[in-house]
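Proteins come first, then strands; the chains are lettered A, B, ... in the order of their sequence lines, and each starts at number 1. Excluded from the calculations below are hydrogen atoms, water molecules and symmetry mates; all remaining heavy atoms, backbone and side chain alike, are included.
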Amino acid sequence: MKIFDTLSVAEKELDISDKVRIYLCGVTVYDDSHIGHARTIIVFDTLRRFLESQGIKVEFIQNFTDVDDKIINRARAENVSTDKISSKYIVNYFKEFDNLNVRHADMYPKATEHIGDMINLIKVLIEKNFAYVSTNGVYFSVSKFHEYGKLSKKKTDELVSGARVEIDETKNDPLDFTLWKFANEEPKWESPWGPGRPGWHIECSAMSLKYLGSNFEIHGGGRDLIFPHHENEIAQSESYSGKNFAKIWMHVGMVTINGEKMSKSLGNTKSVDHVLKKWGANIIRLFCLSGHYSKPIDYSEDLLREAITKWRQVENCYYELVLSDDGSAATEDVKLIEETVKETKKEFAEALNSDFNTPLASSAFFKLVKTVNQIASSEHMVSSLSNMILPVFDQMLDILGLKISQVSPEEKIKINELINKRNLLRSQKNFQGADNIRKEISNLGIVLIDHKKKTLWMKQERIVAENS
RNA sequence: GGUGAGGUGGCAGAGCGGCUAUGCGUUCGCCUGCAAAGCGAAUCUAUAGGGGUUCGAAUCCCUUCCUCACCUCCA
């Protein structure tokens, strides 16, 4: 599989000789997550699902930043402990992302549980003369790391002249960044240099080095983390280990709204909670995967509505497959299906293997859906065909992280009873009665499909936004 | 100002030297008792502008214009 690497500015072959180790920069738990966070996490969740579907072992780690000025500010504003804030938003995180059908990472390390690792790392950096102690804290000396800027393609002298760098008298160089910040108020930890708390960047270096080693396969995050966060991580980690850090740097594009980046500071966010209630996980996932991961994607209700239309086709397809009658198929249909299944599988995998092209992969998937619906519409769908399709269909659905609404066995019995009753009324030309039953069934979330020879049903996911 | 990514039909979105995906939308039709869902057909004669290179360019080169992101915390 090839993935575009931000560092080398080229597609790079993913090393799958052993397991694929992935470190994803997670969220800072000080507020609700929004769909921008969701996109990045969904992309990596889908990547992980795809790799595993290919029989590749994946070790996937995603951190929580649970010590940070934003958390502290929030805690002060609400007059509670920082711990209370971070644990609240971690609980929320899992609630929301479980609902988004995001599989759990192998580990969710927290910054506060790795203070010792960070201190050790900083110690080595000081010993190696890459860091120094000042009156405010411990700083990384950017000028000592000669490759600084290699990820973000920034020149250090240009960075200095860029006026936005904070002037701080206690630093040797304006570009130097904090490894350890002295503090006398909570949250604080003891360190060889004095009580305080870690800087943001050192967290991810410490945790990724600890769990994935000094040279792992993929380090990911949103594009906005390239500078300074990932640049600084590289400086710290490579100065510490003397080795190259991540083999591939994979960055996910921003979610925009009206063409503008969605962010807390601009106040134009759509929270995961909100979009989940309104659109549901399947629509959100389809939306997030509808564009190439590296490009920005614009949040719009029209596009989400389009995703609903597609999702309805998938549901239709699924129930046509699952409820097909026994029977043997015409040889031409068998041939067509054999061919389509083979092609779809190939196209799907090829698209994802080529820099994780999810829009291309999903178009392959929708071609399969279309073919199934074509055959179903000509009343040729039988179990011998659907049995050929279902395994592939299910697998692709699973890779995309989509889930079809199911019905219980009891509901199934009830649905079939009602259908039989309705068909009897129809044969008696009691259409009023038949329509009443149809209404009753639709209240169960079931839509009827009248074919020539039989009546099929499908469970439709309830999507709040659809009727508004 | 610097750096990076882009500008493809009404919209979304692939393709990245020759065969112009795919989906949504719109219109009409089929199916139906009527619907719904689905299917079919039609429609849109798309590659930001201008130069080149080439037998041939959306795809390569030059140039102009425009958009976004990063350069401060940010997924």
(Q) Does any part of the side chain of A:Y318, heavy atoms only, come nearer than 4.5 Å to the side chain of A:Q406, both counted from C-beta? (A) yes

Q: With heavy atoms under 4.0 Å as the rule, sort A:L448 into base, sugar-phosphate or nothing.
A: base

Q: Classify the nucleic acid contact of A:F366 as base, sugar-phosphate or nothing, counting any heavy atom under 4.0 Å across all strands shown.
A: nothing

(Q) Quick check for you: among B:rC24, B:rU22, B:rG33, whose closest atom lies nearest to any side-chain atom of A:S363? (A) B:rU22

Q) C1' atom, B:rC30 versus B:rA48: distance in rounded Å? A) 42 Å

Q) Going by the side chain to side chain donor-acceptor pair (under 3.5 Å) test, which pairs reach into residues 27-42 of chain A, not counting sequence neighbours? A) A:D31-A:R74

Q. Who passes salt bridge (Lys or Arg N to Asp or Glu O under 4.0 Å) against A:K181, sequence neighbours left out?
A. A:D69

**Q.** Within residues 366-378 of chain A or reaching into it, pairs that qualify as side chain to side chain donor-acceptor pair (under 3.5 Å) - sequence neighbours excluded
**A.** A:N316-A:N373, A:E347-A:K367

Q.
Give me the stems containing RNA chain B, sorted by first residue, counting only three or more consecutive Watson-Crick or G-U pairs with both distances under 3.5 Å; say none if there aren't any.
A. B:1-7 with B:65-71, B:10-12 with B:22-24, B:25-30 with B:38-43, B:48-52 with B:60-64

Q | Spacing of the P atoms in B:rA58 and B:rA21 (rounded, Å) | A | 13 Å

Q) Among the nucleotides B:rA37, B:rG33, B:rG38, which one has an atom lying closest to any side-chain atom of A:S377? A) B:rG38

Q. Expressed in whole Å, how much space separates the P atoms belonging to B:rU32 and B:rG25?
A. 24 Å

Q | Of the listed nucleotides B:rA69, B:rG23, B:rC34, the one nearest the side chain of A:E260 | A | B:rA69

Q: Verify, without hydrogens or angle tests, whether A:E231 (side chain) and A:G149 (backbone) share a donor-acceptor contact under 3.5 angstrom.
A: yes

Q. What distance, rounded to whole Å, do you find between the two C1' atoms, one in B:rG15 and one in B:rG7?
A. 16 Å

(Q) Using only modelled atom types and a 3.5 angstrom limit, is any donor from either the side chain of A:R438 or the base of B:rA35 paired with an acceptor on the other? (A) yes

Q. Reckon A:M458 touches a base, only the sugar-phosphate, or nothing at all at heavy-atom distances under 4.0 Å?
A. sugar-phosphate

Q. Taking for each residue the nucleotide of RNA chain B with the nearest heavy atom, is it A:K367 or A:G221 whose nucleotide lies nearer the 5' end?
A. A:K367

**Q.** Pairwise C1' distance for B:rU27 and B:rC16, with rounding to whole Å
**A.** 34 Å

Q | Separation of the P atoms in B:rA36 and B:rU43, to the nearest angstrom | A | 25 Å

Q: Look at the side chain of A:N316 and decide which nucleotide, out of B:rA75, B:rG38, B:rA5, has an atom nearest to it.
A: B:rG38

Q: Would you kindly compare A:V447 and A:K370 by the position of their nearest RNA chain B nucleotide and give the one closer to the 5′ end?
A: A:V447

Q: Using salt bridge (Lys or Arg N to Asp or Glu O under 4.0 Å) as the criterion, list what pairs up with A:E185, not counting sequence neighbours.
A: A:R76

**Q.** Residue from A:V341, A:V372, A:L390, A:I375 passing side-chain contact (heavy atoms from CB on, under 4.5 Å) with A:L385
**A.** A:I375

**Q.** Distance test, side-chain N/O of A:Q460 to OP1/OP2 of B:rA36, below 4.0 Å
**A.** no

Q: Only counting residues at least two apart or in another chain, list the ones meeting side-chain contact (heavy atoms from CB on, under 4.5 Å) with A:D5.
A: A:L7, A:S8, A:K12, A:I248, A:W249

Q: Please list, chain by chain and in numerical order, all residues satisfying side-chain contact (heavy atoms from CB on, under 4.5 Å) with A:F182, sequence neighbours excluded.
A: A:V133, A:W180, A:W193

What are the atom names and distances for every N/O pair under 3.5 Å that joins the protein to nucleotides 26-32 of chain B?
none

Q) Using atom C1' of each nucleotide, how far apart are B:rG17 and B:rU3 to the nearest Å? A) 29 Å

**Q.** Whole angstrom value for the distance that separates C1' of B:rG23 from CG of A:N373
**A.** 14 Å

Q. NA contact type, A:K153, heavy-atom cut-off 4.0 Å: base, sugar-phosphate, or nothing?
A. sugar-phosphate

Q: Using atom CZ of A:R422 as one end and atom P of B:rA36 as the other, report the distance to the nearest whole Å.
A: 13 Å

(Q) Nearest whole Å is fine: how far is B:rA21 P from A:E343 CD? (A) 17 Å

Q.
What's A:G149 touching, base or sugar-phosphate or nothing? Going by heavy atoms closer than 4.0 Å.
A. nothing

Q.
What's the closest nucleotide to the side chain of A:I449 if the choices are B:rA37, B:rG33, B:rA75?
A. B:rA37

Q) Does any N or O in the side chain of A:D298 come within less than 3.5 Å of the main-chain N or O of A:G259, such that one atom is a donor and the other an acceptor? A) yes

Q. When you measure from the side chain of A:D435, which nucleotide among B:rG38, B:rU22, B:rG33 comes out closest?
A. B:rG33

Q. Do A:K70 side-chain and B:rC73 base share a donor-acceptor contact under 3.5 Å?
A. yes

Q: Find the distance A:H251:NE2 to B:rA5:P and express it as a whole number of Å.
A: 14 Å

Q) Quick one: side-chain hydrogen bond (donor to acceptor under 3.5 Å, both in side chains) partners of A:R223, sequence neighbours excluded? A) none

For nucleotides 10-14 of chain B, tabulate all protein N/O to nucleotide N/O atom pairs closer than 3.5 Å, reporting atom names and distance.
| residue | atom | partner | partner atom | Å |
| --- | --- | --- | --- | --- |
| B:rA14 | OP1 | A:H292 | N | 3.1 |
| B:rA14 | O3' | A:N357 | ND2 | 3.3 |

Q) Under 4.0 angstrom, heavy atoms only, what part of the nucleic acid is A:S378 near: base, sugar-phosphate, or nothing? A) nothing

Q: Considering only atom C1', compute the distance from B:rU59 to B:rU8 and round it to an integer number of Å.
A: 11 Å

Q: Could you verify whether a donor N or O on one side chain and an acceptor N or O on the other, from A:E203 and A:N63, lie under 3.5 Å apart?
A: no

Report all side-chain donor-acceptor pairs from residues 352-360 of chain A shorter than 3.5 Å, counting only partners two or more places apart or in another chain.
| residue | atom | partner | partner atom | Å |
| --- | --- | --- | --- | --- |
| A:N353 | ND2 | A:A349 | O | 3.1 |
| A:D355 | OD1 | A:F4 | N | 2.9 |
| A:D355 | OD1 | A:Y293 | OH | 2.7 |
| A:D355 | OD2 | A:H292 | NE2 | 3.3 |
| A:N357 | OD1 | A:L360 | N | 3.2 |
| A:T358 | OG1 | A:L289 | O | 2.8 |

**Q.** Whole-Å gap separating P (B:rA37) and CD1 (A:I463)
**A.** 13 Å

Q: Using a 4.0 Å heavy-atom cut-off across all strands, classify A:G259 as base, sugar-phosphate, or nothing.
A: sugar-phosphate

Q. Rounding to a whole Å, what distance do you find between A:K261:NZ and B:rC73:P?
A. 11 Å

**Q.** For atom CZ of A:R223 and atom P of B:rC71, their distance in whole Å
**A.** 13 Å

Q. When all nucleic acid strands are considered with a 4.0 Å heavy-atom cut-off, which category describes A:E315: base, sugar-phosphate, or nothing?
A. nothing

Q: May I ask you to say whether A:R422 pairs ionically with A:D435, meaning some side-chain N is under 4.0 Å from a carboxylate O?
A: no

Q: Look at the side chain of A:P228 and decide which nucleotide, out of B:rC70, B:rC73, B:rG33, has an atom nearest to it.
A: B:rC73

Q | Sequence-distant partners of A:K270, side-chain contact (heavy atoms from CB on, under 4.5 Å), two or more places apart | A | A:I35, A:I257, A:M262, A:H274, A:V275, A:Y299

